[in-house]
Visitor: 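One structure, pasted below without further comment.
Residues take their numbers from the sequence shown, with the count starting at 1. When a ligand or atom number is given, it counts from 1 through the structure's own listing order.
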Amino acid sequence: MELKNRPRRLRKTAVLRKMVRETRIDKSSLAYPLFVTEGNNVKEEISSLPGQYRYSVDRMEEKLTELMDAGVSSVLLFGIPAHKDEVGSGAYARDGIVQRAFRQAEKSCPDLYLIGDVCMCEYTSHGHCGVLRGKEVDNDKTLELLAETALSQVQAGADMVAPSDMMDGRVAAIRNKLDAHGYEETPVMSYAVKFASSFYGPFREAASSAPLFGDRKSYQMDYHNRREALKEALLDVKEGADIVMVKPAMAYGDLIREVKDHTNVPVAAYSVSGEYAMAKAAARAGWIDEAGVMCEMAVSAFRAGTDIYITYFAKELAKCIDQGIIG
Ligand code: PBG
């Protein structure tokens, strides 16, 4: 049969398939989100995220070492405080939970790259990502507290800060604060394109950070919007963001690509708790192959253009890369 174009020619052997592979993944692009909690000798499984645990500061090292041994060199730390209040004071306390975690992590694993999630929802009694005026989140009042939070994390040992609150102007507020205290060299990775998403459900259980009333739609983005995603990303770059993130990852590949094509900074994608939980649940029911789905999810984010992939599967993905299953 006369058929000049035969795409199957390049799929004949594993060597050839790998030779022509378009997307290359490296372990150095992976970051792992870790929850740190109060108390001693705590390692408790998060029921909504099977295989994920909350660690107390004194137990955290075992997880950090495990990650480093697997070749994952970067973690994103979340603190879960014992007490919450109206103004989220635990977020910027000098001896707050995440600040103590940074001090300990810096001491026990100096080679690990430590990123701080900067937000108030884990620390406020009402569960919103900023301080309230009536039932509204007060944008401008929140900025100073976010800047204080970022500064306290950097002073405690964070190598990078990642604001996830979605207040307007927070990248500039954080940048100015860090610069004024001599931390000009500390990068800001902004959760620039962050949607009001049902995919965060399991995280909110993990961090007990669900809002007590209302939702986050007045600050997180409406997921119907693509041009607005670009507006957010460009604004954050203008304010001094060194890296911009798209979140969630799995249902938002088009926006990872959009942001990648229209900015000149590295792009991150956060494969959030709901993505992980769905893969775990379906695998447990015997309906999907967990490792296979995990690999496809990761590769799709890189194919879409992400440079950094934040995932609860970081360690398992590192193993797949070592084994040559992806990469
Ligand atoms: C804090 C924050 C959230 C996540 C990351 N930072 C929760 C939220 O915005 O409600 C979600 C991460 C995940 O679902 O894995 N604002």
Side-chain angles (χ1 to χ4, degrees), residues 30-36 46-54 75-81 84 88 90-92 96-98 115-124 126-131 137 139 142-143 145-146 149-150 153 158 160-167 170-171 174 188-223 232 243-252 268-281 294 297-298 301 308-314:
L30 301 173
Y32 177 76
L34 182 63
F35 301 95
V36 188
I46 300 165
S47 57
S48 57
L49 296 171
Q52 303 298 316
Y53 299 82
R54 298 183 199 92
V75 291
L76 175 61
L77 286 186
F78 292 91
I80 306 169
K84 305 177 186 239
Y92 39 91
I97 178 67
V98 86
I115 309 172
D117 181 88
V118 174
C119 194
M120 302 191 66
C121 63
E122 300 104 282
Y123 302 91
T124 52
H126 44 76
H128 279 288
C129 300
V131 285
V137 175
N139 190 87
T142 300
L143 293 184
L145 301 180
L146 291 169
T149 302
Q153 292 186 359
M160 180 190 280
V161 284
S164 68
D165 52 282
M166 287 302 277
M167 297 303 122
R170 92 275 209 211
V171 173
I174 289 170
V188 174
M189 171 167 71
S190 86
Y191 288 68
V193 181
K194 175 171 174 177
F195 290 91
S197 170
S198 294
F199 281 102
Y200 309 151
F203 173 97
R204 291 179 190 171
E205 189 194 317
S208 10
S209 64
L212 280 189
F213 64 89
D215 53 40
R216 303 206 200 292
K217 288 181 180 159
S218 74
Y219 40 102
Q220 298 179 347
M221 284 182 56
D222 177 351
Y223 60 79
E232 282 284 6
I243 299 171
V244 289
M245 190 198 297
V246 175
K247 176 185 171 194
M250 190 163 59
Y252 296 82
Y270 192 150
S271 179
V272 298
S273 55
E275 301 177 38
Y276 175 88
M278 288 194 315
K280 279 281 176 192
M294 166 186 86
M297 285 166 65
I308 299 162
Y309 187 59
I310 302 163
T311 172
Y312 301 94
F313 277 126

Visitor: Please verify the inter-ring angle class for Phe35 with Phe203; under 30° counts as parallel, over 60° as perpendicular, anything in between as tilted.
Guide: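 Rings of Phe35 and Phe203: tilted, 30 to 60°.
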Visitor: Report the part of Ser273 (side chain from C-beta onward, or backbone N, CA, C, O) that has a heavy atom under 4.0 Å from ligand 1; answer both or neither where that applies.
Guide: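 Both parts.
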Visitor: Please state which part of Asp165 comes within less than 4.0 Å of ligand 1, counting heavy atoms only: side chain, backbone, both or neither.
Guide: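 Neither part.
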Visitor: Run the numbers for me: atoms of ligand 1, each under 4.0 Å from some heavy atom of Phe78, listed by number.
Guide: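 The list of qualifying atoms is 5 (C), 6 (N).
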Visitor: Starting from atom 1 (C) of ligand 1, what is the nearest protein heavy atom, named by residue and atom, and what distance separates them?
Guide: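 Its nearest protein heavy-atom neighbour is Ser164 OG, 3.3 Å.
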Visitor: List the residues meeting side chain to side chain contact (heavy atoms under 4.5 Å, CB included) with Ser164, not counting sequence neighbours, and say none if there are none.
Guide: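 Once residues adjacent in sequence are excluded, the partners of Ser164 under the side chain to side chain contact (heavy atoms under 4.5 Å, CB included) criterion are Asp117, Cys119, Tyr191, Lys194.
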Visitor: Quick check on Glu275 - does any of its heavy atoms sit under 4.0 Å from an atom of ligand 1?
Guide: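 No, that is not the case, since the closest heavy atom of the residue is not under 4.0 Å from the ligand.
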Visitor: So if I count the atoms of ligand 1 from 1 in the order they appear, which ones are less than 4.0 Å from some heavy atom of Lys194?
Guide: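 Taking each heavy atom of Lys194 in turn, ligand 1 has 1 (C), 2 (C), 3 (C), 6 (N), 8 (C), 9 (O), 16 (N) under 4.0 Å.
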Visitor: Taking only heavy atoms of Cys121 into account, list the atoms of ligand 1 that are under 4.0 Å away from them.
Guide: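 Once the distances to Cys121 are compared, the set is 1 (C), 16 (N).
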Visitor: Near Gln220, which atoms of ligand 1 are under 4.0 Å from a heavy atom of that residue?
Guide: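 Checking each atom against Gln220, I get 8 (C), 9 (O).
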Visitor: Tell me the protein heavy atom at minimum distance from atom 12 (C) of ligand 1, and give that distance in Å.
Guide: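 Among all protein heavy atoms, the one nearest atom 12 (C) of ligand 1 is Phe203 CD1, 3.4 Å.
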Visitor: Does the Tyr276 side chain pair with the main chain of Pro50, one donor and one acceptor, at a distance under 3.5 Å?
Guide: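 Flag set: sc Tyr276 to bb Pro50 pair under 3.5 Å.
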Visitor: Using the side chain to side chain donor-acceptor pair (under 3.5 Å) rule, take Ser47 and Glu205 through it: C-alpha gap first, then chi angles, then the decisive distance, then the call.
Guide: CA-CA 8 Å; Ser47 57; Glu205 189 194 317; 2.5 Å; yes
Visitor: Which residue supplies the protein heavy atom nearest to atom 15 (O) of ligand 1, what is that atom called, and how far is it?
Guide: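 Its nearest protein heavy-atom neighbour is Tyr312 OH, 2.5 Å.
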Visitor: Fit a plane to each ring of Tyr219 and His128, take the angle between them on a 0 to 90° scale, and name the class: parallel (under 30°), tilted (30 to 60°) or perpendicular (over 60°).
Guide: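 It falls in the perpendicular class, over 60°.
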Visitor: Without swapping roles, check the side chain of Arg170 against the backbone of Leu146 for a donor-acceptor pair under 3.5 Å.
Guide: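 No, Arg170 side chain to Leu146 backbone: no donor-acceptor pair under 3.5 Å.
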Visitor: Can a side-chain donor-acceptor contact be found between Gln52 and Tyr32 if the only test is distance below 3.5 angstrom?
Guide: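 The answer is yes; a qualifying pair exists.
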Visitor: Compare all side-chain heavy atoms of Leu145 with those of Tyr123 and state whether any distance is below 4.5 angstrom.
Guide: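 No, every pair of side-chain atoms sits at 4.5 Å or beyond.
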Visitor: At a 4.0 Å threshold, what atoms of ligand 1 neighbour a non-hydrogen atom of Tyr270?
Guide: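 Within the 4.0 Å cut-off of Tyr270, ligand 1 contributes 12 (C), 15 (O).
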Visitor: Within the structure, is a non-hydrogen atom of Tyr276 found at a distance of less than 4.0 Å from ligand 1?
Guide: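 The answer is no: ligand 1 sits nowhere under 4.0 Å from a heavy atom of Tyr276.
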Visitor: What pairs of donor and acceptor atoms, side-chain ones from residues 206-215 against any protein atom, are under 3.5 angstrom apart with sequence neighbours left out?
Guide:
{"from": "Asp215", "atom 1": "OD1", "to": "Lys217", "atom 2": "N", "distance (Å)": "3.0"}

Visitor: Specify the protein heavy atom at minimum distance from atom 11 (C) of ligand 1: its residue, its atom name, and the distance to 0.1 Å.
Guide: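 Heavy-atom neighbour on the protein nearest atom 11 (C) of ligand 1: Lys247 NZ, 2.9 Å.
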